[in-house]
2 protein chains.
Amino acid sequence: MEDITLKTIATKLGISISTVSRALKNHPDIRESTRQAVYELAEQLDYEPNQLAFQLLNRRSNTIGVVVPKISYALYLQALPGMAEVAEKHGYQLLICQTDDSYEKEVRQIHSLLSSRTSGVVLSMSANTTNYDHLLKIQRKNVPLVLFNRDCEEITCSKVLIDNHRAAYEATSVLIAQDRRKIAFFRGPEHLQISQKRFEGYSQALADHQISLNPDIIKIAADQEKDSTIAAITELFDSGAQHDAILAYSDQIAQWALVLAKQRGIRIPHDLAIIGFYNEPTNELLDPPLSSVSQPAYEMGIKAMELVFKELNSTRFAFERVVLESSLVLRGSSEVNSLPSQ
Amino acid sequence: MEDITLKTIATKLGISISTVSRALKNHPDIRESTRQAVYELAEQLDYEPNQLAFQLLNRRSNTIGVVVPKISYALYLQALPGMAEVAEKHGYQLLICQTDDSYEKEVRQIHSLLSSRTSGVVLSMSANTTNYDHLLKIQRKNVPLVLFNRDCEEITCSKVLIDNHRAAYEATSVLIAQDRRKIAFFRGPEHLQISQKRFEGYSQALADHQISLNPDIIKIAADQEKDSTIAAITELFDSGAQHDAILAYSDQIAQWALVLAKQRGIRIPHDLAIIGFYNEPTNELLDPPLSSVSQPAYEMGIKAMELVFKELNSTRFAFERVVLESSLVLRGSSEVNSLPSQ
DNA sequence: AAGGTTTGCGGAAAGGTTTGCGAAAATTAT
DNA sequence: ATAATTTTCGCAAACCTTTCCGCAAACCTT
């Protein structure tokens, strides 16, 4: 079946393309009778204006690219609806890309977005991203870029973040208040700012309570790999190093720690308290349920998208840095009063 | 900043646009030396091919439109990653649209997708959709359309569904097996096939156990409206009609039923068992946790997207109807053995 | 009735890419 | 050296829309 274009209508009506275009846009220059005729035929033929042609003319596709490590991570799952809402309000659509925490995929996705002349980009960096040329490229093309959740200092742009330092500090403090002083820590991906900040918050809390950092109970877990996560946890357990609590960069790690600890007969939270990050829904399914730092993902999505449009609609624009509050959700895995499971 | 195009490169190099185009595509007609020169300059200028122009030429934008009532519904939240995965594999991107269960929005979104010449559409209908002209329009334009989760018989196309009849039948049977015979039912949106099928499954199970349908304990709840949901539940409770179980079209309804029942001192599951649909994560948070019919959303997403590409890549195509298995997740709200809460 | 104004419409360019076809340049063959 | 190839590249059309500019016809003025 042929595509219906302005030309189709113009030819059938014996008028010019520009007249058809103007008629459909209710341009005052067009006589009522011809406008009617055009409208009727357009309706009858199911004419749909070709956005592609319009976008080419406009040099922009009214679309915002959203690049995240994994859609299925709780944080992004919750942030997406917020973004969609704001975009919808502006008449824009969302192009959602997944990087699977791979730098190469991220670069490919960014190029793809740039190539389709996206009006803006909202991005949460892949864990493996250490080179930022592709992000600089976005800015060089004058496409608004907003970073959210995962920051990096090398890029200057608007950002929507959580105070990860403070969140980790609080979580650590709660554990210390429960008289736990040998708090193990699982660090996340090395070059992720949020990972670094969480570690610093943890360190600071210890320092403020005159507890010295014990490198033996600080491990690194590149959390997207199940095997390495298990390995890191096992390493801690096998090391013999004393620990009465675990603060983990992510719930994925914390969940495994909880499961593996139980397998070893470690009582939670009696012998070992555990707190993770992100407040994944599955935390509820565990026994005991896992405590976690919850982040206002929905609001992050809204804020991030709003910043894109703010930048899009102003010629001279000052980057904004929005820091939202996280909250600590305490559950059975860290409540000193709860009975040991089993 | 100027957009870098083939012309930019051509002019700087003193060659023609077509030569640049061919050079970048490694066309054999191009001398190695000029190819080199073009590549270098393109690299240096951050040239990104303009997809918009290409798509216009191609008359298609390599994009699949995904239209769902609400991204945040558990089913869609889980289906999306599956879709993204398949699309990515085919080098396509996802344009995700939300209808908020409004017919008007759905029509607008569809038109928008048609207008931007989407290569295919995956759709789960809004609850208020009773007119299907916009869907027929998709098909008239020869754009592959795949319906998932929410079906409608008026449209003939590939579909990915759950056997809602069977799921409701099973859930009802479980309740009957617990010696509950006065099972109330909350129907979902009237003209939604899945709503109808669930009701039929419920009715069938009752019939197969010689239990007659009691219209007094069958209510309708247009679940997206909190107030009407509460009203429907209150109506049941206030009616004085005997009931020892509730099967609800959605978890939203079931959750409210659970909360409201507890407020009235009704013991769950002792006095009243409750089962919902969709297995929302929040079911775990309730006390007691809510039983629910879980649907393989991720697989639905994969299947649906695969069908789009199947249709896209074959000239003469036979529609497929895929029915996936759901499973009943029994939790405290319906287990006869568990102790009454409180 | 001659000039000026308004009304209604068409021509053409621009946006960036791909590609068939033809033409010039370089190569080989005679 | 000329003819016959082969190699390398340019022209132009096509994809569809919007919009500036201009032109003709119809209207109004005095």
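Quick note: numbers below take in every heavy atom, side chains included, and nothing from hydrogens, waters or symmetry partners. These figures come from a predicted structure and were not determined experimentally.
A salt bridge does not link B:Glu48 to A:Lys141: none of the charged nitrogens lies less than 4.0 Å from a carboxylate oxygen.
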- For B:Leu161 and B:Arg321, run side chain to side chain contact (heavy atoms under 4.5 Å, CB included): C-alpha distance rounded to whole Å, both residues' side-chain angles, the deciding distance at 0.1 Å, then the answer. CA-CA 8 Å; B:Leu161 306 168; B:Arg321 183 190 177 84; 3.5 Å; yes

- Task: Evaluate the side chain to side chain contact (heavy atoms under 4.5 Å, CB included) criterion for residues B:Tyr76 and B:Val66: first the C-alpha distance (whole Å), next the side-chain angles of each, then the deciding distance (0.1 Å), finally the verdict.
- Result: CA-CA 10 Å; B:Tyr76 305 115; B:Val66 178; over 6 Å; no

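For the atom pair CD1 of A:Ile64 and CZ of A:Phe309, the computed distance is 4.0 Å after rounding to the nearest 0.5 Å. Taken to the nearest 0.5 Å, the CG atom of B:Asn58 stands 9.5 Å off from the CG atom of A:Leu52. In this structure, CD1 on A:Ile155 lies 9.5 Å from CG on A:Leu123, to the nearest 0.5 angstrom.
Atom CD of B:Glu43 has 12 or fewer heavy atoms from other residues, nucleotides or ligands within 6.0 Å. When the shell of 6.0 Å around NZ of A:Lys105 is examined, it contains more than 12 heavy atoms from other residues, nucleotides or ligands. Remark: B:Glu154 CD is packed, more than 12 non-hydrogen atoms of other residues, nucleotides or ligands lying under 6.0 Å away.
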- Message: I'd like to compare against my own output: the B/S/- annotation of nucleotides 11-18 of chain C with a strict under-4.0 Å heavy-atom distance to protein.
- Response: BB-BBBBB

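Considering B:Gln109, B:His111, B:Glu106 in turn, B:Glu106 is the only one that fulfils the side-chain hydrogen bond (donor to acceptor under 3.5 Å, both in side chains) rule with B:His134.
In this structure, B:Asp29 atom CG and C:dA25 atom P are separated by 17 Å, rounded to whole Å.
When heavy atoms are screened at a 4.0 angstrom cut-off, B:Ile15 is found touching the sugar-phosphate backbone but no base atom.
Taking the nucleotide of DNA chain C with the nearest heavy atom to each of A:Glu32 and B:Thr19, the more 5' of the two is matched to A:Glu32. Of the two residues contacting DNA chain D, namely B:Asn58 and B:Ile30, the nearest-nucleotide position lying further toward the 5' end is that of B:Ile30.
Interface limits on DNA chain D: the 5'-most and 3'-most nucleotides within less than 4.0 Å of chain B heavy atoms are D:dT8 to D:dC16.
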- Message: Could you write out DNA chain C as dot-bracket? Rules: Watson-Crick or G-U wobble, both distances under 3.5 Å, brackets [ ] for crossings, | for pairs with another strand, dot for unpaired.
- Response: ||.|||||||||||||||||||||||.|||

